[in-house]
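Just so you know, these numbers use all the heavy atoms, side chains as well, and skip hydrogens, waters and symmetry mates. Sequence lines set the chain letters: A, B, ... in the order given, protein chains first and strands last, and positions in each chain run from 1. Because the structure is predicted, anything quoted here is derived from the model rather than measured.
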Amino acid sequence: MASHADPTPTDETAVELAEAEPLPHTVTVSRREYGLAVAIVGIATLVALLLRPYLAATNLAMVYLLGVVAVATRCSRSASVMASFLSVAAFDFFCVPPYLTFQVSEYEYLITFAGMLAVALVISAQTSRIRAQAASAVDRESRTKALYRLSRRLAAQTRVFDAALAAAEVAEQVFGSHVTIFLPEDGRISFRKRTSNQLLIATAEEEIAQAVFDHGRKAGRGMERFPDAAATYVPLKGVSRIVGVMAILPSPQGETLKTDQQHLLDLFANQTALAIERNLSQNAADDARMQMETEEMRSSLLSAVSHDLRTPLASITGAATTLRSQSDKLAPQVRDELLESISEEALRLSRLVGNLLDMTRLESGVELRRDLYPLEEIVGSALQRLEPQLAGRDMLVSLPEDLPLVNADDVLLGQVLVNLIENATKYSPPASAIEIAAQAVAGAVQLEVRDRGPGFAPGEEKRLFEKFYRGQSEGVRGAGLGLAICRAIVVAHRGSIEALHRPGGGAIFRIRLPLEVLSKVDARI
Amino acid sequence: MKPLILVIEDDPQIRRFLRATLAAEEYQFHEAVTATEGIAQAAARQPDLVLLDLGLPDRDGLDIIREVRSWSQMPIVVLSARGQEKDKIAALDLGADDYVAKPFAVGELLARIRAALRRAAPLAQDGADPVIRFGNVEADFEKRLITVGGQEVHLTPNEYKLLQVLIKHAGRVVTQRQLLNEVWGPHHTEQSQYLRVYVAQLRRKLEQDPARPRYLQTEPGVGYRLSFDPQS
C-alpha cells in the first residue's frame, strides 16, 4: 500500500496512490534536486562554451538564464536560488575573459552579473510560487475528491455501525494505513464495537482511546499527549456529543501523518461524526416508533390476557361459591359437574400462565441445554404429559426405528410437541385421529403433527406463528401464544417450522431440525 | 400406626388442601411454615416422610434437604414449580426421593408419597415374591427371566441391569446420573445419550407402543421413572 509520508514516491506507489485518490506529496528539498540543478547549470555551461566563439559574452548570460528557468520549473526554490548563484559564477568563470578565472577584465561585466543574478532570482521566486499554487490546487482537488467519496459512502448508510465501517474503509484508502473506528457502548469506548481487528488493543491503548472519547482532544502517536501510543486517536465530534474515536496506525514504514494530512484526517473525522450522529438520531426515532408499537402490542396483550385470565377465574369462583352456598340444594350430578369445571378451568389457567412464562423466558434469551435424544423419547414424554386431554383420542404415531438422534433441549422441544398436539386436539373433531410422523430427510429430521380439523385460511400460514394471533376458528380459547412459543424454540434450535394445508382437509405442522455431527451413537459401551 | 407426614410449606391454601387430602388417606399430618421450623420439627418428630416446598421464605429448600440428609435417611418428596428442572435435579442429587411439580393432581401426589414410603420400608416386599409384574411384563430376578405376555424376552446384560435399577426404584424418579452410575459405573455419568439409547431399546422390548410408554416414563430434563404402583 502507498505510504502517506514517503518522501520520494516511486512510480509504482504513485500508481496506487492515484487509484486511491491520495494526497499529493509536498515537494521536499532533496539531494537529487540539487544534483539536477548542478547538472542543468553544467549543461548551460557546455552550450555557452560551444557558442562562445560566435556570441558576445553578455548574450551567453541568456543561456544561463534559460538553465535557471529549467531548474526553477523542476526543483524547489532553494535549488533554483543555488542554480542562480552557480550560473553567475560559471558565467564569470567560463564566459567572461580572462577565461577560467573569476577575474573580470572589464568592470561593466559587474553590471551584467548583478542584472543576471537579479533576473535569475526573480525567475526562481516567481516560478516556485506558481508551482506552489498549482500544487495546492491539485492538493485541494484531491482532498475534495477524498471528502466527496467519503460523504457519498456515508450518505448510503443508515446504520451507525455501517457508517463507521464505510468511513474506516475510505480513510484506509486515502491515508494508506490501517484505520479503525471505535464506537461507545453505555458511555464507554467499546472494543467490541469496532470496525476492524487490525488494531490489537493493549490496555494502555484502551485508556488513550477512552481519554480521547472523554475529552474530545486528539492524542496518541505524533500528538502531544501519549506520543508513544501505537496509533493516533481522533475524536469523532458530532454537533452535540462525541460519537466515537477514529484510530489510525502509522504506515507500514512507521511514518506518522504530516500536517496537511492531519487536517484532512480532521475533516474526515468531522464528516464521519456528523454521519454517525445523524444515523444515531434516526435510529433513536426508529426505536421510539418501535417502542410505541411495543406499547400498543403490550396493551393488546393485556386485554387478550386479562380476558383469558378472567374467564376461567370467573367460572372457578362461580362454581366454588355455588358449591359453598347452595350445597344442600344441588343434585349430586350437578355438584360433580361444578367440581369438574373447577378443575378444568384451573388447568386451563395453569397452561395459560405456563405459556406466558415460557414466552417471557424465551424472549429474554433462554439457554438451550442440548443433548442427543431419540425423537421417540421426546414424543413419548409429550404424549405422557397430555395423557388426560388425549384420553380416548386416536393417536397414530409413526417413528422409524432407524431415525437419527436429534441434538435438542428435550424439555423445550417437548414443549413444542405438547403445544402442537394440544392445538390439534383443540381444533379437530374428537373422533378424528391425530398423526405424528417423523422421517430423516437430507441433513435434517422432519417431524409432522397432522390433524383433520378445519385447517386455516389461505394466507394465514405465516401469521399463525405470530404472538397473540388467533386462528379463525370459533369456540376455541387461547392467548395465541402456543405457536409463537413453538417457533421461538425451533428457531433457537436452528430449525424451521411451517404450517401446511393437509390434502383432504386439516392442518400439518412440520418441524425440521438440522442434524449435527455425532448424530449416531454406538449403543454398545 | 399410620405414617406421619411432615409438610413444610408456607402457603396456607396449599397446606389446607394437603391437610384434607392426607387426612382422607388417614396419614398423620404435621405442618411447618418456615425452613427453620421444618428442620426443628423433622428432628423432634422423626416423621416417616417430609413433603417439602422448595420456595420457602426464610431459607432455600435445598438447604433443608442437605441438613436433614446429614443425620437422617427419612424420605423427602419435594414440591416444585414446572420448568425448574435444575432445581429438581439439585434436590434429587442432594438426596430428595422424588418431586411433584405444581400444579399437581392429588392422585399423582399420593402415588409419589407411597413410592417414597416404600423405599423406606422395603422389608414388606423382601422375600415375599421375587417376581415383579407390571402390565404384561414379568421380571423374575431369581431366574433372571423376563417375559412379556408369557414370551421370554432376551435382554442384553446392560438392559437387564437398567431394568433392575428401575424396578428397585419403582414409582420413583431416577436421575440420569444415578442410572448411569448404577448401571455403567461412576466413570460414565456424563454419557447420558447411551442411557437414552438403552432406554429406547428396553421400551421396544417391553412396551406395547414404545412411542407411548406406559411404564418406562421419561421425566424431561431429569431422568426416568418406572411408573407402576405395586400396592395399588
ask   = So which part of Arg214(B) gets closer than 4.5 Å to some heavy atom of chain A, the side chain, the backbone, both or neither?
value =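 Answer is neither: Arg214(B) stays 4.5 Å or more from chain A.
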
Quick check on [X]: does its [atom1] atom have over 12 non-hydrogen neighbours (other residues, nucleotides or ligands) under 6.0 Å away?
X         : atom1 : value
Gln208(B) : CD    : no
Arg310(A) : CZ    : no
Arg19(B)  : CZ    : yes

ask   = Can Arg204(B) and Glu376(A) be counted as an ion pair, charged N to O under 4.0 angstrom?
value =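 Yes, Arg204(B) and Glu376(A) are salt-bridged.
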
Which atom of [X] lies closest to which atom of [Y], heavy atoms considered:
X         : Y         : value
Gln193(B) : Leu372(A) : CB-O, 3.9 Å
Pro213(B) : Gly380(A) : CD-CA, 4.1 Å
Ala211(B) : Leu383(A) : O-CD1, 3.7 Å
Thr218(B) : Ser381(A) : CB-CB, 3.7 Å
Asp371(A) : Ser192(B) : OD2-OG, 3.0 Å

Output side-chain donor-acceptor pairs under 3.5 Å for residues 143-151 of chain B, partner residues at least two apart or in another chain, one line each.
none

task = Go through Leu390(A) and Arg212(B) one step at a time and tell me if the side-chain contact (heavy atoms from CB on, under 4.5 Å) criterion holds.
result = CA-CA 12 Å; Leu390(A) 294 176; Arg212(B) 292 186 81 177; 4.2 Å; yes

inquiry  = With a 4.5 angstrom heavy-atom cut-off, is it the side chain or the backbone of Gln384(A) that approaches chain B, or both, or neither?
reply    =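 It is the side chain, since no backbone atom gets that close.
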
message = I'd like to verify something: which residue of Met395(A), Glu401(A), Glu387(A) has the highest number of heavy-atom pairs under 4.5 Å with chain B?
response = Glu401(A)

ask   = With sequence neighbours left out, which residue pairs that include part of residues 403-412 of chain A fulfil the salt bridge (charged side-chain N to carboxylate O under 4.0 Å, His left out) condition?
value = none

